[in-house]
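Working notes for the structure below.
Just the heavy atoms: all of them, side chains too, but no hydrogens, waters or symmetry mates, feed the values below. Numbers here are sequence positions counted from 1.
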Amino acid sequence: QERARATSFDAAAKAGGYQVATSKPFSRFIRPEGSIVSDDLATALFKAKPGDIVSAPTAGGVAVARLVKVIDAKPGENEAEWNSLKDELHKAMGTDMLAQLLAALRVRYPVKINRAAVNIVAGTGSGN
């Protein structure tokens, strides 16, 4: 990463024997199928400014990237992506609210689970 800051990004990669690849544009939540950008690298890139160099761990070491440009979102331009994100957020909020409700109920009404009875109902126990 330091070498990439001191010289050009491409020159630093080539000097180190690494390949340089340019990703396709992606959003915070959706990347094209087969994207070369990992979740960790995408998170780092979304915190960066154009020209910044960031890194993130990978299975084989570390990925280093330079943010070339930011493409402003155009609401309403990609309705399918918007609807997908909206559905995902609604499901996540519902799941989160249910988890909070269950946690509060368990605090107020402690429950003991009779594993033997559960096993009998599930057909995995004999009842003895």
**OP:** Measure the spacing between CG of Leu41 and CZ of Phe46 and express it to the nearest 0.5 Å.
**Re:** 11.0 Å

Original post:
Between Val68 and Pro50, which heavy-atom pair has the shortest distance, and what is it?
Top reply: O-CB, 3.9 Å

**OP:** For the pair Thr95 (side chain) and Lys91 (backbone), establish whether a donor and an acceptor sit closer than 3.5 Å, ignoring hydrogens and angles.
**Re:** yes

Original post:
Roughly how far apart are Leu45 CG and Arg66 CZ, rounded to 0.5 Å?
Top reply: 11.5 Å

Original post:
Quick one: hydrophobic cluster around Met93, which other residues, with the 4.5 Å side-chain cut-off, linked directly or via members?
Top reply: none

**OP:** Give the minimum heavy-atom separation between Phe26 and Ala42, together with the two atoms involved.
**Re:** CE1-CB, 3.9 Å

Subject >> Non-hydrogen atoms of Ala44 and Ser55 that approach each other most closely >> reply: CB-O, 4.2 Å

Show me, pair by pair, the donor-acceptor contacts under 3.5 angstrom made by side chains of residues 100-117, not counting sequence neighbours?
from: Gln100; atom 1: NE2; to: Asp96; atom 2: OD2; distance (Å): 2.9
from: Asn114; atom 1: OD1; to: Ala116; atom 2: N; distance (Å): 3.2
from: Asn114; atom 1: OD1; to: Ala117; atom 2: N; distance (Å): 3.1

**OP:** Indicate, with yes or no, if Val20 and Val54 share a hydrophobic cluster defined by side-chain heavy-atom contacts under 4.5 Å among Ile, Leu, Val, Met, Phe, Trp and Tyr.
**Re:** no

**OP:** Could you name each residue pair satisfying salt bridge (Lys or Arg N to Asp or Glu O under 4.0 Å) that touches residues 26-54, not counting sequence neighbours?
**Re:** Arg31-Asp39

Original post:
Less than 4.5 Å apart, any side-chain heavy atom of Tyr18 and any of Val64?
Top reply: no

